[in-house]
Amino acid sequence: QAALLAAKEKALERLRQVIDISALPDVAIEFQAVDAYWQNWITGNYHDGFRLIVNTHPRVGIYRGEPELLAYHEIGAHALQMSTWLQRIKAGELPLAYGLTTVHWPYQFVMEGLAQSITDILFDAASLSLDLLRARELQRYRFGVYNNAHVHINRGESVETVIAYVLANLPFESLSTVEAEMRDR
């Protein structure tokens, strides 16, 4: 928890050096243990502000470097983008409908793409910590393995076969985590 709070401040300082983040309101950080696929969740609205909820359940685990990556992704990308949109809506530059968002809406794919690549877009890799770079690559690799698992399940392969595939490619993943991920798929 302390690492994430420090990473938030570090990420905001670095972002201030390359982009205007004046639209960004304060983001409260909460910690919850939830047996779910998500590692973190950002939510908020005009009246209540933003809350970043971090899942501390053993199923999701957080590696060194991930707190900083999470700060860039959730705060530097999602919260900043939504805050900027809100300012533009208030100024009449964007339709009011842009203020109504949910997890499953057409722009979510674009928003996730931006958030996943914000550290690639704004910073030279040499200026990022080695821990962040490792966490970013591990996260991308892990997402790829689970994406492939999802495809295999949709093709009708047995859950047992897909679990064996995941465990062969993610040897440090616990069986209980892989089983939970398969249930989600």
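Quick caveat: nothing in here was measured; it's all calculated off a predicted structure. As a basis for the values below, the full set of heavy atoms in this structure was taken, side chains included, without hydrogen atoms, waters or symmetry mates.
Remark: of the listed residues N55, L52, L4, L4 is the sole one forming a side-chain contact (heavy atoms from CB on, under 4.5 Å) with F31.
Side chains of T119 and R136: a donor-acceptor N/O pair is present below 3.5 angstrom, by distance only. Between the side chains of H57 and Q32, no donor-acceptor pair is found at a separation under 3.5 Å. Counting only N and O atoms by type, the side chains of E66 and Q39 include a donor and acceptor under 3.5 Å apart.
The cluster map of Ile, Leu, Val, Met, Phe, Trp and Tyr, joined by side-chain heavy atoms under 4.5 Å apart, puts L138 and I118 in different clusters. Clustering ILVMFWY residues whenever any of their side-chain heavy atoms sit less than 4.5 angstrom apart, transitively, puts L86 in a cluster other than the one holding V110. By the criterion of side-chain heavy atoms lying less than 4.5 angstrom apart, applied directly or through intervening Ile, Leu, Val, Met, Phe, Trp or Tyr residues, I42 is not grouped with V60; the two fall into different hydrophobic clusters. Under the 4.5 Å side-chain heavy-atom criterion for grouping Ile, Leu, Val, Met, Phe, Trp and Tyr, V18 is connected to L132 within one hydrophobic cluster.
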Please list every donor-acceptor pair under 3.5 Å in which a side-chain atom of residues 19-28 meets a protein atom from a residue at least two apart or in another chain.
unit_1 : atom_1 : unit_2 : atom_2 : d
D20    : OD1    : S22    : N      : 2.9
D20    : OD1    : S22    : OG     : 2.8
D20    : OD2    : S22    : OG     : 3.3
D26    : OD1    : K8     : NZ     : 3.4

Return a table of donor-acceptor pairs under 3.5 angstrom between the side chains of residues 162-172 and protein atoms on other chains or two or more places apart.
unit_1 : atom_1 : unit_2 : atom_2 : d
Y165   : OH     : N148   : ND2    : 2.9
N169   : ND2    : Y165   : O      : 2.8

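Heavy atoms only, all atoms of each residue included: E157 and T161 are closest at OE1-CG2, 3.8 Å. Of all heavy-atom pairs between I62 and P67, the closest is CG2-CD, 3.9 Å. Of all the heavy atoms in F50 and S83, the pair that sits closest is CE1-OG, 3.3 Å. Minimum interatomic distance between A135 and R64 (heavy atoms only, all atoms of both residues): CB-O, 3.6 Å.
Atom CG of residue L69 and atom CD of residue E74 lie 10.0 Å apart, to the nearest 0.5 angstrom. Atom CD of E179 sits about 9.5 Å away from atom OG1 of T177, to the nearest 0.5 Å. Taken from OG in S129 to CD in E68, the straight-line distance is 4.5 Å, to the nearest 0.5 Å. Rounded to the nearest 0.5 Å, atoms CD (E13) and CZ (R16) are 5.5 Å apart. Y72 contributes atom OH, which lies 13.5 Å from atom CD1 of I121 (distance to the nearest 0.5 angstrom). Remark: H150 NE2 to R155 CZ distance equals 12.0 Å, nearest 0.5 Å.
Salt-bridge formation is detected for the pair R140/E137: a Lys NZ or Arg NE/NH1/NH2 atom is positioned less than 4.0 Å from an Asp or Glu carboxylate oxygen.
Between M182 and Y146 there is a side-chain heavy-atom pair separated by less than 4.5 Å. You'll find the side chain of Q116 reaches within 4.5 Å of the side chain of F143, heavy atoms only. Between E181 and R142 there is a side-chain heavy-atom pair separated by less than 4.5 Å.
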Please step through side chain to side chain contact (heavy atoms under 4.5 Å, CB included) for the pair R51 and W41, ending with a clear verdict.
-> CA-CA 8 Å; R51 290 182 311 130; W41 194 273; over 6 Å; no
Apply side chain to side chain contact (heavy atoms under 4.5 Å, CB included) to the pair L5 and I29, showing each step before the final yes or no.
-> CA-CA 8 Å; L5 295 172; I29 300 178; 3.6 Å; yes
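Between the side chain of S127 and the backbone N or O of F123 there is no donor-acceptor pair closer than 3.5 Å.
At most 12 non-hydrogen atoms from other residues, nucleotides or ligands lie less than 6.0 angstrom from CG of L96.
A cation-pi contact, defined as under 6.0 Å to the ring centre and within 45° of the axis, is absent between R134 and Y63.
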